[in-house]
Amino acid sequence: MNIQIKLEDFWQGKIPLWKSYWIVGELINGIIVVIIFNIELKFFNNTKLFQNIPLLSFNNLHFINKLILLAWTIFITVGIWRSAENYRGRFIWTTLALIVLSYRLFILKEIFY
């Protein structure tokens, strides 16, 4: 299992839609967000992130972490979007995946305000 080949397959949309969305888009994305929040706490001593609990506030992130989050979001959005385009199952699943991805891109602008 070569990780570079798996990343290329994901980017090109060759991974099944359910794996792209649930494993990469939700599970791994959640892990990445937790890592970014830990970096904020450990390296930048940013405690403003937890003022709005239970809502996570991404607009108080350090600029470097905002760029990492931007790049990561674009990467997973393109991979899942391409998987949805290649999906040959029920149309409703493709539609729902594209709606969620569109919402994710729309909300991405909030981290830079």
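Position 1 is the first residue of the sequence; numbering continues from there.
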Open item on the list: For K109, I'd like to know if atom NZ has over 12 heavy atoms of other residues, nucleotides or ligands within 6.0 Å.
Closed with: yes
Main-chain N/O of G25 paired to R104 side chain as donor or acceptor, under 3.5 Å: yes
Separation between CG (L17) and CZ (R90), nearest 0.5 Å, reads 13.5 Å
*asked:* Contact between W72 and I36 at the side-chain level, heavy atoms closer than 4.5 Å - yes or no?
replied: no
Inset, instruction - Report whether I32 and F63 are members of the same hydrophobic cluster (ILVMFWY, side-chain heavy atoms less than 4.5 Å apart, transitive linking). - result: yes
Cluster question for you: counting only ILVMFWY and a side-chain heavy-atom cut-off of under 4.5 Å, with indirect links fine, are I74 and L67 together? yes
- Shared ILVMFWY cluster between L70 and I68, side chains joined below 4.5 angstrom? yes
Nearest heavy-atom approach of R82 to W11 is NH1-O, 2.8 Å
dist E26:CD -> I31:CD1 (nearest 0.5 Å) comes out at 12.0 Å
In terms of heavy-atom contacts, A97 and A84 come closest through CB-CB, 4.4 Å
Next on the checklist: Donor-acceptor pair, distance only, cut-off 3.5 Å: does the side chain of T77 make one with the backbone of L101?
Outcome noted: no
In this structure, CG of N29 is separated from CD1 of I76 (nearest 0.5 Å) by 4.0 Å
- [ ] Group every Ile, Leu, Val, Met, Phe, Trp and Tyr by side-chain heavy-atom contacts under 4.5 Å, then state whether W18 and V100 land in the same group.
- [x] yes
Practice item. Taking atom CZ of F75 as the centre, report whether more than 12 heavy atoms of other residues, nucleotides or ligands fall under 6.0 Å from it. Key: yes
Side-chain touch E40/L61, heavy atoms, less than 4.5 angstrom: yes
dist N2:CG -> D9:CG (nearest 0.5 Å) comes out at 10.0 Å
Q.
For the backbone of N60 and the side chain of N46, can you confirm whether one donor and one acceptor N or O come within less than 3.5 Å of each other?
A. yes
### Message
Test of understanding: clusters of I, L, V, M, F, W, Y form through side-chain heavy atoms closer than 4.5 Å, transitively. Do I64 and F43 belong to the same one?
### Response
no
I'd like to check K66 versus L69 (side-chain heavy atoms, cut-off strictly below 4.5 Å). Are they in contact?
no
key: Lys/Arg cation over aromatic F10: K6, 6.0 Å, 45° cone   = no
Is there a side-chain contact between W22 and L27 in this structure, where contact means two heavy atoms from C-beta onward sitting under 4.5 Å apart?
no
**Asked** Does the side chain of W81 come within less than 4.5 Å of S20's, by heavy atoms?
**Response** no
